[in-house]
Protein chains: 2
Amino acid sequence: MAYRKTDTVEARLADNRKRILAAARTLVAEGGWPEAQVSHVAAAAGLATGSVYRYFPSKVDLFVEVLSTVSQREVDVIEAIAGSEDSPAQRLEAAVTTFVLRAMRNRRLAYALIAEPCEREIDEARLTYRHAISAQIMRIVRDGQACGAFRAGIDPSIAATVIVGGFMEGLIGPLSPLNADFAGADRDGGAVPALASQIAEVCCAAVAALPTPG
Amino acid sequence: MAYRKTDTVEARLADNRKRILAAARTLVAEGGWPEAQVSHVAAAAGLATGSVYRYFPSKVDLFVEVLSTVSQREVDVIEAIAGSEDSPAQRLEAAVTTFVLRAMRNRRLAYALIAEPCEREIDEARLTYRHAISAQIMRIVRDGQACGAFRAGIDPSIAATVIVGGFMEGLIGPLSPLNADFAGADRDGGAVPALASQIAEVCCAAVAALPTPG
DNA sequence: TCAGATAATGAACATTAATTCATTTCTTCA
DNA sequence: TGAAGAAATGAATTAATGTTCATTATCTGA
């Protein structure tokens, strides 16, 4: 009488869930939010539309999980940099450069997750990760102020927010699907590293201490 | 046989159009985009829903005009500052401070026009004005580099973009309706001017030249 | 005042996807 | 193997607004 999920079934269910997430991510990475439709996801995952709702309570939940997974990885990367042993100036430079370079590796996805207009609830989920990134930058700023490498008298929270807004905005143009300048994949030695280092330089200067005169 | 609009009618039509725009603006300023519905606008303007379509081809056109009117004024203000006789450093500081202070005078409206999720086409119209503001900042950056007040070797376009993103992001938290910290109208001598000057300081430092050593 | 022309109305319509759910198919285990 | 439970299906439903348009009201010039 009892029905208990076999390992086989359990595995298939888990696989379905993964495939749905992967399909959703791929669709966003290829066509942005306009492609992010439940029926498309289902088709791409080889399931019926209604089946998606056996794995995710709603479209928003599904895509928030996609966004969270990708974003959390970026937060982790920045956190590792923020917690490293390098000088605050080096850490700030590395955090910004790394973020820009990584975003440019998957432009369409990064554009969708960072800047493309989307549903309110997904947009709100973005804030979580922006805050998390900002918190790591703030930590670097605090450390820098403590050791005199960064100017005192600036609110670290404001500085971090401005820096995060700055490098995100610096990315948006190059990320935009409308912008063809960065379409070529000349990631190494090309325009992308130059962009990253320029953005990082401006961000670092925003908080750097003035060299002690004399 | 012929029908020619009387001055009276002409005036009434013009007045209707203005009232529609004013109502639309007021609704956005009070409730943001969720309130920006054609039927609400019509009711607030004392007209029927369908009548709005005698003055504007679509909802998007109407609200793009609202956004344009408000945004262009801000562009004009910044342009005046950018073209003034002050030093580049003073102009940059003034541009950022002024923008922040003006935005904080009508937080809900500024939030809607700058950051609140909205329809794709309205969002695209935002970019126009962000670019226009960026162009003015870039002009200041160029002038500053030319006279040695700002560091050479930075792409003025990138610097301007990062600065604009920075102060916009610095504003978003304080502008957000969710944020109660700035709800009080202590505009003078209070938290708002302090915020503006902190944001401006960070932005200015991003491009300022290092004092010549020795 | 009246015919011709325009303006205003607002209920009905159109659109677009998300979501539901009655039905079908698959799984389990005695 | 078959009865009961679970999973999958996908067409129909829902919902929320922007937009239309047949109808009504108003205006102009003679």
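Just so we're clear, the structure is a prediction, and the values are computed from it rather than from any experiment. Note on naming: letters A, B, ... go to the chains in the order of the sequence lines (proteins, then strands), and numbering restarts at 1 for each one.
When the options A/R19, A/K18, A/R12, A/R17 are evaluated for a salt bridge (Lys or Arg N to Asp or Glu O under 4.0 Å) with A/D15, the one that passes is A/R19.
Taking atom CZ of residue B/R54 and atom C1' of nucleotide D/dC27, one finds them 13 Å apart after rounding to whole Å. Per the geometry, CZ belonging to A/R17 stands 13 Å off P belonging to D/dA8, to the nearest Å. Atom CD in A/E121 sits about 13 Å away from atom P in C/dA18, given to the nearest Å. Taking atom CD on A/E119 and atom C1' on C/dT19, their separation rounds to 13 Å, with Å as the unit. The CG atom of B/L13 sits 18 Å away from the P atom of C/dA5 (whole-angstrom rounding). A/L47 places its CG atom 10 Å from the C1' atom of D/dT9, with the value rounded to the nearest Å. In this structure, CZ of B/R19 is placed 14 Å from C1' of C/dA7, rounded to the nearest angstrom.
Close to D/dA7, at under 4.0 Å from its OP1 or OP2, lies no side-chain N or O of A/R12. Put simply, A/T6 has no side-chain N or O that comes within less than 4.0 Å of OP1 or OP2 on C/dT27. At the phosphate of C/dA8, OP1 or OP2 sits under 4.0 Å from a side-chain N or O atom of B/N16.
Every residue two or more places apart in sequence or in another chain that forms a side-chain contact (heavy atoms from CB on, under 4.5 Å) with B/Q136 is listed here: B/I78, B/E79, B/A82, B/R139. Shown here are the side-chain contact (heavy atoms from CB on, under 4.5 Å) partners of A/V70, two or more places apart in sequence or in another chain: A/R25, A/L109, A/L113. In this view, A/F150 satisfies the ring-ring contact (aromatic ring centres under 6.0 Å, His included) rule with no residue, not counting sequence neighbours. For B/E119, the salt bridge (Lys or Arg N to Asp or Glu O under 4.0 Å) partners are B/K59, not counting sequence neighbours. Among residues two or more places apart in sequence or in another chain, the side-chain contact (heavy atoms from CB on, under 4.5 Å) test is passed with B/P174 by B/M104, B/F182, B/L195. For A/Y111, there are no ring-ring contact (aromatic ring centres under 6.0 Å, His included) partners, not counting sequence neighbours.
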TODO: With pairs defined as Watson-Crick or G-U wobble and both distances under 3.5 angstrom, please note down DNA chain D as a dot-bracket string, | for pairing with another strand.
DONE: ||||||||||||||||||||||||||||||
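Side-chain atoms of B/T49 lie closest to D/dT19 of the nucleotides C/dT9, D/dT19, D/dT28. In this structure, of D/dT28, C/dA18, D/dT19, it is D/dT19 that holds the atom nearest to the side chain of B/Y53. Here D/dT9 is the nucleotide among D/dT26, D/dT9, C/dT28 with the atom lying nearest to any side-chain atom of A/A48. Proximity note for B/V9 (side chain, C-beta onward) versus D/dC27, D/dA8, D/dG10: the nearest is D/dC27.
For DNA chain C, the neighbouring residues in residues 21-40 of chain A, judged by any heavy atom under 4.0 Å, are A/A36, A/Q37, A/V38. Within residues 55-66 of chain A, the residues that have a heavy atom under 4.0 Å from DNA chain C are, in order of number, A/S58, A/K59.
For residues 124-136 of chain A, every residue pair satisfying the salt bridge (Lys or Arg N to Asp or Glu O under 4.0 Å) rule, not counting sequence neighbours, is listed here: A/D123-A/R126, A/R130-B/E169. Within the structure, no pair that satisfies the salt bridge (Lys or Arg N to Asp or Glu O under 4.0 Å) test touches residues 44-56 of chain A, not counting sequence neighbours. The side chain to side chain donor-acceptor pair (under 3.5 Å) contacts involving residues 41-51 of chain B comprise nothing, where partners must be two or more places apart or lie in separate chains.
No side-chain donor-acceptor contact under 3.5 Å links B/Q145 to the backbone of B/P156. Although no hydrogens or angles enter the test, the distance criterion places a donor-acceptor pair under 3.5 Å between the side chain of B/T69 and the main chain of B/E65.
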